[in-house]
**Q** 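Structure below; questions to follow.
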Amino acid sequence: MGREVAETCMEGMIFEMVSTYSTRFYATKPELAARRIEAIGYQVGLQLSERYTTERPRFSDHLEAIKFICKDFWSELFNKQIDNLRTNHRGTFVLQDNRFRWLTRVRINSLPKKMDASQHDPSAPTPDNKTAQATSMHLYFPCGIIRGALSNLGIPCAVSADISNLPACEINYIL
């Protein structure tokens, strides 16, 4: 039996890490906070994929590794498989989780609403923009985890995420 951590403790740790990096360490430079959070996720992904693949033979192709990420790796992290995997058959993959656990506590009604451009200066920071930025900061960690895991499996890639429909999350990676 492996070591386990309560899910609420994990969520609390991630929320606190994101909050600390984005409001205390790099309050005036959110891009640096995002890079640091993603780098931490990358290290976690490297170590987790190493742990989860120690008793497996190396994957023979990219598709096997991606299936591992969608089924086994995601199951270890979130106690469920990914809901949907799409590809354009040119190296772009989209993982879709319809109820991404690390975002279920984010208030859906706090995301930006459509604004009338004639009433607001789009470059001015609004509470909605700040909330959206804070919410998106929570995705740098899982993006880093996926990038680290794939990197450990010999698949260098770029990873990004989309949360336009909370709590659903789409994680995109390009090989």
Side-chain angles (χ1 to χ4, degrees), residues 2 4-5 7-8 10-15 17-18 21-22 30-31 33-108 111-112 131-175:
E4 293 184 14
V5 175
E7 188 174 331
T8 54
M10 189 67 187
E11 287 175 2
M13 187 274 309
I14 293 167
F15 278 173
M17 175 189 62
V18 170
Y21 275 96
S22 58
E31 64 282 349
R35 285 192 1 220
R36 185 63 187 134
I37 292 166
E38 197 270 346
I40 294 168
Y42 180 83
Q43 288 299 317
V44 170
L46 280 172
Q47 293 172 5
L48 287 176
S49 74
E50 184 69 30
R51 175 177 286 178
Y52 298 153
T53 59
T54 55
E55 311 234 341
R56 292 177 172 260
R58 276 310 247 188
F59 297 111
S60 59
D61 64 355
H62 291 312
L63 188 57
E64 279 187 35
I66 291 163
K67 286 181 183 178
F68 165 76
I69 294 293
C70 292
K71 292 180 179 180
D72 301 329
F73 190 77
W74 204 265
S75 293
E76 288 289 332
L77 286 175
F78 302 108
N79 296 323
K80 65 179 278 232
Q81 290 184 4
I82 202 77
D83 292 316
N84 192 8
L85 170 65
R86 295 188 313 261
T87 182
N88 68 355
H89 301 290
R90 292 187 183 116
T92 300
F93 294 86
V94 178
L95 303 174
Q96 183 175 358
D97 188 332
N98 294 329
R99 191 156 167 79
F100 189 60
R101 289 179 176 229
W102 291 349
L103 293 179
T104 54
R105 291 191 185 1
V106 174
R107 289 182 21 210
I108 293 172
L111 287 178
T131 301
Q133 182 180 13
T135 302
S136 68
M137 282 295 214
H138 289 277
L139 291 173
Y140 287 104
F141 186 68
C143 285
I145 290 175
I146 298 299
R147 191 172 72 84
L150 287 169
S151 179
N152 187 53
L153 298 174
I155 304 172
C157 62
V159 180
S160 63
D162 176 33
I163 55 166
S164 57
N165 190 19
L166 279 177
C169 176
E170 288 186 357
I171 297 180
N172 309 296
Y173 53 95
I174 302 170
L175 305 181

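For reference, positions follow the sequence shown, starting with 1.
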**Q** Which value, rounded to the nearest 0.5 Å, describes the distance between I66 atom CD1 and I155 atom CD1?
**A**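 Here the rounded value is 5.5 Å.
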
**Q** Of all residues at least two apart in sequence or in a different chain, which pass the side-chain hydrogen bond (donor to acceptor under 3.5 Å, both in side chains) check with Y42?
**A**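 Checked Y42 against side-chain hydrogen bond (donor to acceptor under 3.5 Å, both in side chains); matches are S151.
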
**Q** Do other residues, nucleotides or ligands put more than 12 heavy atoms under 6.0 Å from F93 CZ?
**A**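 Yes - once you tally the heavy atoms of other residues, nucleotides and ligands closer than 6.0 Å, there are more than 12.
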
**Q** I need the minimum non-hydrogen distance between N98 and D83, along with the two atoms involved.
**A**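 Shortest heavy-atom contact: N-OD2, 2.5 Å.
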
**Q** Among residues at least two apart in sequence or on other chains, which ones pass side-chain hydrogen bond (donor to acceptor under 3.5 Å, both in side chains) with S60?
**A**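 Counting only residues at least two positions away or on another chain, S60 forms a side-chain hydrogen bond (donor to acceptor under 3.5 Å, both in side chains) with E64.
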
**Q** What distance separates W74 CH2 from I145 CD1, expressed to the nearest 0.5 Å?
**A**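 Output value for this atom pair is 8.5 Å.
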
**Q** With sequence neighbours left out, what residues match S75 under side-chain hydrogen bond (donor to acceptor under 3.5 Å, both in side chains)?
**A**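 With neighbours one apart ignored, the set is empty.
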
**Q** Do any side-chain atoms of residues 167-175 form donor-acceptor pairs under 3.5 angstrom with protein atoms, and if so which ones, sequence neighbours left out?
**A**
from	atom 1	to	atom 2	distance (Å)
E170	OE2	R86	NH2	3.4

**Q** Grab the two heavy atoms, one from I69 and one from A149, that are nearest each other, plus how far apart they are.
**A**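 Closest approach of I69 to A149, heavy atoms only: CD1-CB, 3.8 Å.
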
**Q** Stepwise, does the side-chain contact (heavy atoms from CB on, under 4.5 Å) test hold for D97 with K80?
**A** CA-CA 9 Å; D97 188 332; K80 65 179 278 232; 2.6 Å; yes

**Q** Identify the two heavy atoms, one from A161 and one from C143, that lie closest to each other, and give their separation to 0.1 Å.
**A**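 In terms of heavy atoms, the two residues are closest at CB-SG, 3.6 Å.
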
**Q** If we only count heavy atoms from C-beta on, is the I163 to H138 side-chain gap below 4.5 Å?
**A**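 Contact flag for I163/H138 side chains = no.
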
**Q** Once you round to the nearest 0.5 Å, how far does OH of Y140 lie from CE of M17?
**A**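 Here the rounded value is 13.0 Å.
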
**Q** Partners of Q81 by side-chain hydrogen bond (donor to acceptor under 3.5 Å, both in side chains), sequence neighbours excluded?
**A**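 Once residues adjacent in sequence are excluded, Q81 has no partner under the side-chain hydrogen bond (donor to acceptor under 3.5 Å, both in side chains) criterion.
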
**Q** For T92, is there any backbone N or O sitting under 3.5 Å from a side-chain donor or acceptor partner on T87?
**A**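 It does hold such a pair.
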
**Q** By ring-ring contact (aromatic ring centres under 6.0 Å, His included), which residues pair with Y52, not counting sequence neighbours?
**A**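 F73.
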
**Q** Restricting to pairs with a member in residues 134-145, which pass salt bridge (charged side-chain N to carboxylate O under 4.0 Å, His left out), not counting sequence neighbours?
**A**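 Of all non-adjacent pairs touching residues 134-145, none passes salt bridge (charged side-chain N to carboxylate O under 4.0 Å, His left out).
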
**Q** Could you pull out all residues at least two apart from K67 that satisfy salt bridge (charged side-chain N to carboxylate O under 4.0 Å, His left out)?
**A**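 In terms of salt bridge (charged side-chain N to carboxylate O under 4.0 Å, His left out), with neighbours along the sequence ignored, K67 is linked to no residue.
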
**Q** Can you sort out the partners of R56 under side-chain contact (heavy atoms from CB on, under 4.5 Å), two or more places apart, ordered by chain and number?
**A**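 Applying side-chain contact (heavy atoms from CB on, under 4.5 Å) to R56 gives T53, F59, F68, D72.
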
**Q** Considering only residues two or more places apart or on different chains, which pairs with a residue in residues 145-161 satisfy salt bridge (charged side-chain N to carboxylate O under 4.0 Å, His left out)?
**A**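 Every pair satisfying salt bridge (charged side-chain N to carboxylate O under 4.0 Å, His left out) with a residue in residues 145-161: E38-R147.
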
**Q** Starting at CG of L139, measure out to CD1 of I146 and round the result to the nearest 0.5 Å.
**A**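 Separation between the atoms: 11.5 Å.
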
**Q** Applying salt bridge (charged side-chain N to carboxylate O under 4.0 Å, His left out) as the test, list every pair that has at least one member in residues 148-167; sequence neighbours left out.
**A**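 Every pair satisfying salt bridge (charged side-chain N to carboxylate O under 4.0 Å, His left out) with a residue in residues 148-167: there are none.
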
**Q** Nearest heavy-atom pair of M137 and P30: which atoms, and what distance?
**A**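 For M137 and P30, the tightest heavy-atom pair comes out as CE-O, 3.2 Å.
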
**Q** What is the distance from atom CG of L153 to atom CG of L46, rounded to the nearest 0.5 Å?
**A**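 With rounding to 0.5 Å, CG (L153) is 9.5 Å from CG (L46).
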
